[in-house]
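Reviewing the structure listed below.
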Amino acid sequence: MRSHSLAQTQPNAYLPHEAEVVKFVQESKTIYTLYLRFTDPLVHANYMYDPGQFNMLYLHGVGEVPISIVSDPEHEDLLIHTINRVGRVTRGLAAVSEGQRLGVRGPYGRGWPLREAEGQDVVIVSGGLGCAPVVSVINYMIRRRERFGRFTIVQKVKHVDEFIWPERYERWQQVPDTTVLVAATQGAENWRWQVSPRIKVMEEVKVHTERTIAMICGPEGFMASAAEHLIGQGVPAASIYMSTERNMQCAVGHCGHCQFGPTFICKEGPVYAYPRIKPLLNIRGF
Amino acid sequence: MAASRDIAIRVPVLARVEGEGGLEIDIHDGRIRDLKLRIFEPPRFFEKLVEGRDHTEVPDLVARICGICPVAYQMSAVHALEGIFGIDPGPWVRAMRRVFYCGEWLESHNLHIHLLAAPDYFGYASVLELAGEYPEEVRRGLRLQRLGNDILRLFGGRSVHPVGARVGGFHHAPGMEQVAQLRAELRDALPLAEALVQWTASLALPHHSQEFVSVALRHGQEYPFNEGRLVASDGLDIPIDAYEEHFTEEHLAHSTALHGRYHGSPYLVGPLARVNLNWDRLPAQVRGNAERAGVVFPSDNMFHSIIARAIEVHFALVEALRVLDDYALPDRPYVEAIPRAGVGFGCTEAPRGMLWQRWETDGEGRIRAARIVPPTSQNQPRMEEDLRLSLEALGLEHSDDSLRLRAEMVIRNYDPCISCATHFLKLQTRRS
Amino acid sequence: MIPTAARPTLAIHKFSSCDGCQLALLNLGEGLLDLARMVDIRHFVEAGPMDEEASVDIALVEGCISTAEEAERIRRVRANSRYLIAIGACATSGGVQALRNLHDAGAWTADIYAHPQYIDVLANATSLADRVRVDCELYGCPVNGHQVLAAVRSLLSGVTPLNDRDKLCAECKRRHNVCVMVARGLPCMGPVTATGCGVLCPTLGRDCYGCYGPAENVNSAALGRQLEAEGMSKEARAGRFLFIHSNAPEFASGGSSGED
Amino acid sequence: MERFLPTAQFQRLINLLRRDGYDCVGPRVRDGAIVYGPLERVEELPVGWHDEQRPGHYRLARGSGRRFFDWANGPEALKPLTFASREVLWTVVRDGQGSLRFCEEVPEVRPTAVIGVRACDIAAMHLQDQHFGYREYQDPYYNRRRRALFLVAVDCARPASTCFCHSTGDGPAAHAGFDIALTELDDGFIARARSERGRDLLAELPTTEVTPDHHAAAGAQHDAAVAAQTRRLAGRNLKASLFAHLDHPEWDAVAGRCLSCGNCTAVCPTCFCHSVGDTTELDGRRSTHHRQWDSCFSAGHSYMHSFVVRDQTVLRYRQWLTHKLGTWHDQYGRSGCVGCGRCLTWCPVGIDMVETANRICGGDGDAQP
Ligand SMILES: Cc1cc2nc3c(=O)[nH]c(=O)nc-3n(C[C@H](O)[C@H](O)[C@H](O)COP(=O)(O)OP(=O)(O)OC[C@H]3O[C@@H](n4cnc5c(N)ncnc54)[C@H](O)[C@@H]3O)c2cc1C
Ligand code: SF4
Ligand code: SF4
Ligand code: SF4
């Protein structure tokens with residue numbers, strides 16, 4: 001699954017390719033999924049990526065945004081992006097219709113350590129709405145269930161409304177040797193999962209620490225405390241990976257916006273091993 | 001039609017004038033009993049705002065009186081202040097100020113002719129409709145207007161509230177290349193301006209002569225922009241500092257603008273007044289083209305204002321070219337001002353007419369007092385008078401709608417700038 | 001936001017102002033005709049169309065609120081508009097008119113007008129946002145017509161307009177100007193003023209006077225101290241800040257550090 | 001290859017370059033500063049001009065000297081010639097059917113010879129070469145401009161009070177990265193060629209042997225230039241020290257003075273940050289995608305939909321310094337500062353970056369010069 005970036009084979013990495021919105025799915029009030037196909041069949045056929053890499057999506061006349069690829073490179077023909085509507089471009093994209101054309105360039109960055117995870121117990125932790133990229137990782141691993149050890153899936157939300165894919169979590173609960181832990185800070189009627197303040201739910205994670213790999217996605221403070229919990233349980237820091245986010249304008253390491261201390265997230269990230277970014281993770285301003 | 005009907009015509013907001021004004025006419029027994037051109041722009045206290053400010057801030061501050069003719073406000077003010085400080089900025093600055101002024105006339109006059117006035121003569125509500133039927137004419141107008149903006153930008157960076165003027169001259173001298181490029185464009189536009197004059201003369205303008213006094217600047221050799229004596233068609237000929245001896249302003253309930261009077265009566269300022277009084281100062285090629293259009297100046301038909309405006313568009317192009325043909329970079333585009341206390345006067349010809357100002361500074365060059373008399377408030381009594389005469393001449397028996405339309409047309413013909421008009425004066429305590 | 005299907009409607013309203021922002025639109029030339037093709041202009045008194053009470057998708061509002069009538073009218077405009085854009089200094093901070101807030105306008109009226117009873121003004125001239133919810137503010141005295149078109153374009157694309165509040169200095173350097181403050185000691189407001197004008201003043205060799213209003217994250221006190229260090233009086237320093245946008249909070253302190 | 005070019009023959013250098021198809025660009029006096037501009041005749045150079053620089057202050061004055069390059073760098077480095085302050089990257093047109101056609105807009109560049117480049121700026125350009133020429137993603141815009149350059153360097157003989165290139169190891173003499181370097185003496189120049197085309201050009205010029213006197217004068221001049229630089233950073237690599245002092249009170253002190261205006265980053269020859277944007281025609285058909293210089297002192301630099309990572313000046317200043325003098329070492333194997341002193345001079349409030357850094361690092365900077 002050697003990633004062979006499109007951007008590397010073309011002379012101008014800044015130039016998007018035209019892609020068509022084949023399908024649009026509204027997942028929740030603010031979250032939607034775009035299914036894309038490059039209009040040039042050759043481009044589509046040659047486009048290869050790793051899970052966890054991202055693309056720059058361009059909405060005509062508005063702008064570009066970095067969005068993770070959530071499709072499974074081996075099982076899905078279309079490029080899938082799940083997007084939270086937060087600002088200009090993501091709002092504009094929320095209004096696209098099927099058949100509409102966008103610009104796409106990528107893939108960029110380094111994704112989840114899926115090869116490293118083979119044969120290991122896997123803990124996947126997500127916080128708040130930052131869960132889209134991990135959903136694709138979970139799907140990816142469930143499709144290849146035999147290659148991995150024990151699964152623990154943790155999802156923490158502040159409010160129950162943020163928990164948007166209950167049926168998926170219920171389905172994953174049925175997968176052999178899999179634990180699903182969901183907790184909300186504030187509960188509500190009919191909430192069948194846990195209610196717990198802060199990130200206490202992590203205490204219930206039971207793993208074979210010496211052969212565990214963890215993947216975390218969410219706000220930085222959340223990721224740091226989840227990581228510390230795991231370390232407290234004996235998981236080596238180097239086996240904990242997390243996905244970071246910074247403003248990104250070029251995605252090819254030139255524009256300087258995604259600096260995170262010594263690294264550029266678009267080149268080295270967005271997924272990092274915890275020790276690489278730990279020194280700056282909780283310091284305001286980096 | 002019953003001559004005795006009572007008619008009340010209310011035009012709450014006048015379209016296609018700058019700023020907001022309204023009109024109220026009461027007709028009783030076949031006579032106009034009451035007629036008010038209401039200017040209800042909120043007062044903006046400019047003369048007060050400038051008090052205590054440094055003289056260097058004046059050009060930027062007075063520009064804000066009016067977005068349409070900021071240059072005029074700047075020019076009258078800098079002349080007055082230079083008078084106080086005893087500065088002569090020299091021939092380069094004087095020449096470039098004329099070009100700067102040409103820019104403002106081109107911009108303002110073309111805006112008025114095409115966007116504000118012309119739709120009236122074709123029965124359209126706006127230029128957007130006019131452009132549908134007369135795309136070439138409208139495009140010609142927009143191009144001439146843009147040339148005006150280009151000149152303003154060359155000296156001042158932008159056409160609204162340009163930033164290039166200062167007491168003593170300009171902050172920056174345009175480069176040779178930019179000037180050469182502008183010159184080429186001005187030259188290309190000459191035929192457009194000539195055609196524009198012919199076109200305005202061919203419009204179905206009402207024929208109606210009136211008696212009125214024209215007032216404008218007059219200069220020994222030039223068509224007036226920034227210098228000269230104040231003259232009137234009744235023979236008045238005074239230096240600008242004598243203005244207050246002959247002209248007064250009144251504050252009426254229905255208007256936040258003051259009403260200007262000359263020896264107690266209404267008078268006219270603006271393009272028609274200027275052309276009437278300075279026909280002989282127009283270059284031969286401008287006069288020749290106007291004569292071909294078949295209109296004779298001085299004219300007592302107020303509706304010839306639009307032709308006068310077109311003639312001034314033509315003049316502005318010719319004048320800008322004349323000055324710029326000898327363009328050279330100066331050593332410095334301004335002379336340094338050394339402030340001192342005093343009183344100074346500035347009077348220049350804004351697109352809408354003579355704009356008179358009086359400034360007083362302290363020893364550090366801070367403003368003690370200012371008085372600003374914009375053209376629209378000077379024209380206001382004349383407009384009301386014209387409305388009475390024009391509507392009566394049209395015949396008050398006409399329908400309300402046609403009376404209203406004619407009334408609006410009469411007002412627009414003056415190109416009133418209502419925002420300007422509300423800068424009122426500081427009433428002079430010295431006046432008797 | 002505005003759907004792209006039907007031709008959206010637009011109104012341009014005027015409050016206390018010099019008309020310069022509307023003129024910036026009238027000066028767009030062909031751009032204005034393009035605008036009329038893209039949107040249905042329902043109310044634009046200066047250009048002709050008149051329907052003050054029209055319900056519209058986009059309202060561009062010029063001018064500040066300085067009378068009771070205006071305070072009432074802006075409420076109606078708000079109610080009739082889906083997306084309200086304040087254009088220009090007057091609408092966004094009160095503009096030059098707000099200078100009178102620093103004084104007693106009532107006394108001024110009495111002082112100036114022969115019949116002050118004819119004059120109805122509020123004690124303070126204020127921005128639109130002080131009265132109603134405003135969806136987007138375009139600073140600038142006047143606004144740049146292209147800025148307005150870009151905002152309308154964004155709305156047509158279904159997204160919020162951008163609002164660049166970077167400091168003028170950034171754009172000044174992009175234009176390769178020589179800094180008038182460092183090289184000539186002029187009291188430039190660039191370091192506290194937002195971009196948008198195209199760096200007119202320093203490009204013409206003079207100091208910026210702040211007509212685009214405060215940039216984001218400004219340090220007016222530090223600039224004020226620097227102006228004094230370069231020889232300005234306290235009074236003159238305050239005047240630099242209390243000018244076109246005197247009522248904008250970041251400038252209202254007059255660039256003083258609070259000690260004076 | 002080293003030859004002596006008499007002053008009287010200096011114009012020949014420009015003539016030959018022009019003959020070979022180069023546009024010549026050189027330092028000129030404009031608006032009270034020395035900046036690059038088109039150059040045809042050597043008299044257009046700032047002959048006899050001197051600069052006076054200190055933090056927040058720059059003034060030019062004309063002396064009676066006859067030298068062409070007797071002044072220190074002005075506000076602009078080579079950066080604007082390679083990394084455009086604003087440029088279009090591509091345009092896109094949407095046709096009637098809704099298809100998008102993307103069109104690359106690579107700049108037309110003409111071969112350009114730059115006369116009078118200083119050592120610090122060449123060093124900075126090499127840093128930017130690393131950045132924009134990053135293995136995987138070449139920047140075609142930068143590269144095209146970069147490759148069009150022919151560089152004629154000049155050793156710095158009269159550093160400003162703000163200069164400290166000697167302490168960063170980048171000057172005052174040019175050592176590498178140019179086609180030809182000149183050492184200006186009273187009667188001419190010692191010219192050294194470093195590239196093939198530089199050697200060819202030098203061979204065509206009417207030069208003479210360099211004499212021992214020339215060498216002696218050049219050496220003395222160099223030593224004096226070094227001695228004139230009293231300012232120095234506390235060490236070549238301040239990373240550890242800066243990160244050890246992230247809560248030093250000096251950060252707040254400097255933030256109290258800093259305008260967060262980004263002038264320092266704009267004049268810095270190594271700063272590369274830029275932002276992108278789209279400008280769309282009103283009818284929505286055509287759109288241009290462009291980029292322009294940005295700065296870590298702007299909100300947009302660290303903006304993330306719901307918040308700004310560096311919302312305060314103190315965080316922005318800290319980002320700039322910890323990156324420039326700290327994490328550049330991780331990214332490019334050296335500090336991002338070449339000692340040109342521009343960020344001191346062109347800071348409108350005269351913040352002295354060197355003093356600030358040294359204060360924060362205290363005695364902790366690594367001691368090597
Ligand atoms: C590597 C990476 C992967 C991402 N994957 C996803 C994903 O799968 N789904 C998803 O919903 N979101 C994802 N994001 C976040 C997404 O990029 C931002 O929500 C989006 O850029 C916001 O753009 P906007 O124009 O809607 O918001 P605005 O608030 O209008 O932002 C304006 C501009 O600022 C920049 N910007 C703002 N916020 C961010 C941000 N968080 N990250 C980067 N640039 C930003 C963008 O250039 C954006 O266009 C990812 C971010 C990164 C860095
Ligand atoms: S001239 Fe003004 S705007 Fe330009 S860099 Fe200097 S301080 Fe900033
Ligand atoms: S940090 Fe300052 S001194 Fe160093 S290279 Fe940049 S501008 Fe020059
Ligand atoms: S250090 Fe100086 S130049 Fe840099 S952002 Fe601060 S005030 Fe501006």
Side-chain angles (χ1 to χ4, degrees), chain C residues 4 28 30-35 37-39 146 148-150 152-154 156-157 162 164-188 190-193 195 202-205 215-223 225-227 229-230 257, chain D residues 29-37 51 53 55-60 74-76 80 84-86 255-267 274-275 277-284 287 292-295 297-301 308 310-313 316 345-351:
Chain C
T4 40
L28 284 170
E30 299 271 344
L32 180 67
L33 302 182
D34 290 342
L35 180 69
R37 269 193 291 276
M38 298 302 297
V39 298
H146 297 282
V148 177
L149 290 190
V152 171
R153 178 63 248 166
S154 282
L156 294 175
S157 298
L162 280 175
D164 185 356
R165 305 304 295 160
D166 275 0
K167 279 124 202 143
L168 185 68
C169 294
E171 187 62 18
C172 191
K173 283 289 183 283
R174 286 182 202 124
R175 282 174 189 252
H176 314 297
N177 290 333
V178 173
C179 177
V180 298
M181 197 158 163
V182 171
R184 286 170 59 202
L186 298 180
C188 190
V192 294
T193 300
T195 52
T203 304
L204 291 184
E216 60 87 27
N217 188 37
V218 300
N219 190 343
S220 299
L223 181 63
R225 280 195 302 271
Q226 180 68 14
L227 297 185
E230 290 279 335
S257 48
Chain D
V29 174
R30 177 192 26 107
D31 300 333
I34 294 175
V35 290
Y36 287 117
D51 56 329
Q53 301 192 38
H57 183 93
Y58 179 100
R59 291 291 184 282
L60 276 186
E76 291 207 317
S85 58
R86 185 178 167 92
R257 299 174 56 209
C258 174
L259 303 169
S260 185
C261 63
N263 273 302
C264 46
T265 57
V267 294
H274 57 267
S275 56
D278 295 88
T279 310
T280 309
E281 280 170 20
L282 190 63
D283 65 13
S287 192
Q292 61 182 21
W293 290 356
D294 193 6
S295 163
F297 283 93
S298 78
H301 193 271
V308 175
R310 292 180 282 278
D311 57 342
Q312 297 168 352
T313 306
R316 298 185 193 174
T345 299
W346 298 97
C347 170
V349 290
I351 289 173

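In what follows, chains carry the letters A, B, and so on, assigned in the order in which the sequence lines appear, proteins first and then strands, with residues in each chain numbered from 1. Because only heavy atoms are used, hydrogens play no part in the values below, and waters and symmetry mates are left out as well, while side chains stay in.
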Using heavy-atom distances under 4.5 Å, tell me whether [X] contacts chain D through its side chain, its backbone, both, or neither.
X         : result
Asp34(C)  : both
Ala150(C) : neither
Leu35(C)  : both
His146(C) : neither

Please report the shortest heavy-atom distance between [X] and [Y], naming the atom on each side.
X         : Y         : value
Asn219(C) : Cys258(D) : ND2-O, 3.0 Å
Cys347(D) : Ile351(D) : SG-N, 3.2 Å
Leu282(D) : Met38(C)  : O-CE, 3.6 Å
His176(C) : Trp293(D) : CE1-CH2, 4.3 Å
Leu28(C)  : Leu32(C)  : CB-N, 3.8 Å

Tell me which of these, Gly205(C), Ala222(C), Ala215(C), has more heavy-atom pairs under 4.5 Å with chain D than the rest.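 The answer is Ala222(C).
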Most heavy-atom pairs under 4.5 Å with chain D, out of Val152(C), Asn217(C), Leu149(C), belong to Asn217(C)
So which residue, [options], ends up with the most heavy-atom pairs under 4.5 Å with chain C?
options                                   : value
Gly56(D), Ser85(D), Gly74(D)              : Ser85(D)
Ser295(D), Gly300(D), Gly256(D), Ala84(D) : Gly256(D)
Asp283(D), Asp31(D), Val35(D)             : Asp283(D)
Pro75(D), Ala266(D), Gly284(D), Ala33(D)  : Gly284(D)

Inset, instruction - Measure the spacing between CZ of Arg153(C) and CG of Leu162(C) and express it to the nearest 0.5 Å. - result: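 The distance works out to 13.0 Å.
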Hey, what do you get for CD (Glu230(C)) to CZ (Arg184(C)), rounding to the nearest 0.5 Å?
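If we round to the nearest 0.5 Å, Glu230(C):CD and Arg184(C):CZ are 12.5 Å apart.
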Applying side chain to side chain contact (heavy atoms under 4.5 Å, CB included) to Gln53(D) and not counting sequence neighbours gives Asp51(D), Tyr58(D), Ala72(D), Ala160(D), Thr162(D), Thr345(D)
Residue [X] versus chain C: region with a heavy atom under 4.5 Å:
X         : value
Arg30(D)  : both
Asp278(D) : neither
Ala255(D) : backbone

TODO: Using the test salt bridge (Lys or Arg N to Asp or Glu O under 4.0 Å), find all partners of Arg86(D) that sit at least two apart in sequence or belong to another chain.
DONE: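 Expected list: none.
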